[in-house]
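As structure tokens, the structure follows; a few thoughts come after it.
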Amino acid sequence: MTVLMGMNETDTAKSMMVTGSIDRVLSRGTHTVFAPGETVIREMDADREQISALTNYMHTANQTMQGFITDSMVMPADMARGKTITMLNGKTLSASSKDGTLMLDGARITRAIQATNGMIYVIDSIPGQ
């Protein structure tokens with residue numbers, strides 16, 4: 001969580017994690033976070049009320065962010081091999097590599113950072129959309 005908090009391009013995702021108490025989950029064990037970048041949030045077909053609910057209401061933020069986090073360390077090599085990843089909310093997403101770029105259900109990985117207890121990937125869109 002410390003590494004994620006130092007990243008500027010994931011401010012809304014960080015806010016959702018804190019509001020949804022996901023920071024407590026990340027403090028135990030190994031995790032991988034697929035954090036939507038700020039350009040994703042700005043491009044969403046959501047109005048201000050929906051964005052406010054994502055960042056201000058604990059249950060909404062928690063449920064949303066569980067779809068972006070897995071309870072294992074998924075390394076870039078795992079993703080390139082086409083690993084199926086189960087998120088905390090139970091949804092499965094497929095990782096792949098296309099022309100040397102890592103992808104998660106159509107979302108392009110724009111940045112990968114290894115932290116002490118997992119990986120953080122910044123994604124350029126919402127996976128599966």
Side-chain angles (χ1 to χ4, degrees):
M1 193 69 181
T2 303
V3 173
L4 189 63
M5 287 302 176
M7 298 170 58
N8 292 331
E9 71 263 41
T10 59
D11 288 341
T12 302
K14 290 185 300 195
S15 177
M16 290 167 56
M17 285 186 204
V18 171
T19 299
S21 296
I22 294 292
D23 52 333
R24 288 187 229 154
V25 171
L26 296 179
S27 68
R28 301 179 311 271
T30 304
H31 296 86
T32 298
V33 176
F34 296 93
E38 288 305 296
T39 54
V40 175
I41 303 301
R42 285 193 297 272
E43 292 172 1
M44 284 175 53
D45 289 332
D47 60 29
R48 288 191 170 278
E49 189 173 311
Q50 288 174 310
I51 298 294
S52 177
L54 291 174
T55 57
N56 293 310
Y57 297 104
M58 181 179 177
H59 180 74
T60 304
N62 182 287
Q63 294 300 305
T64 300
M65 286 313 299
Q66 284 190 34
F68 293 93
I69 301 169
T70 186
D71 61 357
S72 63
M73 185 180 297
V74 180
M75 300 300 289
D78 298 327
M79 293 190 60
R81 286 192 292 271
K83 182 175 179 75
T84 298
I85 304 165
T86 302
M87 300 299 163
L88 293 179
N89 67 357
K91 184 176 180 181
T92 58
L93 301 175
S94 298
S96 63
S97 179
K98 182 178 180 183
D99 299 325
T101 300
L102 296 177
M103 309 285 288
L104 182 68
D105 268 11
R108 188 172 58 91
I109 306 295
T110 61
R111 188 171 176 198
I113 302 156
Q114 186 169 356
T116 56
N117 66 334
M119 288 294 299
I120 301 168
Y121 295 99
V122 179
I123 54 178
D124 73 345
S125 61
I126 304 300
Q129 290 188 356

message: I'd like to check the side-chain contact (heavy atoms from CB on, under 4.5 Å) partners of Thr101; sequence neighbours left out, ordered by chain and number.
response: Met103, Arg108

- prompt: Are side-chain heavy atoms of Val74 and Met79 found at a separation under 4.5 Å?
  reply: yes

field: Shortest non-hydrogen separation from Ala107 to Ile123 and the atoms involved
entry: CB-CB, 4.2 Å

field: ring pair (Phe, Tyr, Trp, His ring centres under 6.0 Å) partners of residues 95-125, not counting sequence neighbours, each pair once
entry: Phe34-Tyr121

- prompt: Which pair of heavy atoms, one from Ser125 and one from Gly106, lies closest together, and at what distance?
  reply: OG-O, 3.9 Å

- line: When rounded to the nearest 0.5 Å, the distance separating OG1 of Thr92 from CG of Asp105 is 7.5 Å

Ile109 CD1 to Ile120 CD1 distance, which is reported to the nearest 0.5 Å: 12.0 Å

query: Only one of Leu93, Thr32, Asp71 clears side-chain contact (heavy atoms from CB on, under 4.5 Å) with Met87; which?
result: Leu93

Which residues share a side-chain contact (heavy atoms from CB on, under 4.5 Å) with Arg111, sequence neighbours left out: Met7, Glu9, Ile113, Val122

- line: With sequence neighbours left out, the residues meeting side-chain contact (heavy atoms from CB on, under 4.5 Å) with Thr116 are none

field: Heavy-atom side-chain contact between Leu104 and Ile85 under 4.5 Å
entry: yes

- prompt: In Å and rounded to the nearest 0.5 Å, what is the CE to CD distance from Met75 to Gln114?
  reply: 4.0 Å

query: Got a sec, which residues hit ring pair (Phe, Tyr, Trp, His ring centres under 6.0 Å) with Phe68, two or more places apart in sequence or on another chain?
result: none

message: Once rounded to the nearest 0.5 Å, what's the spacing between atom CG of Asn89 and atom CE of Met65?
response: 10.5 Å

field: Smallest separation among heavy atoms of Thr30 and Gly118, with atom names
entry: CG2-CA, 4.2 Å

- prompt: Which ring pair (Phe, Tyr, Trp, His ring centres under 6.0 Å) pairs, counting each pair once, include a residue from residues 77-113, with sequence neighbours left out?
  reply: none

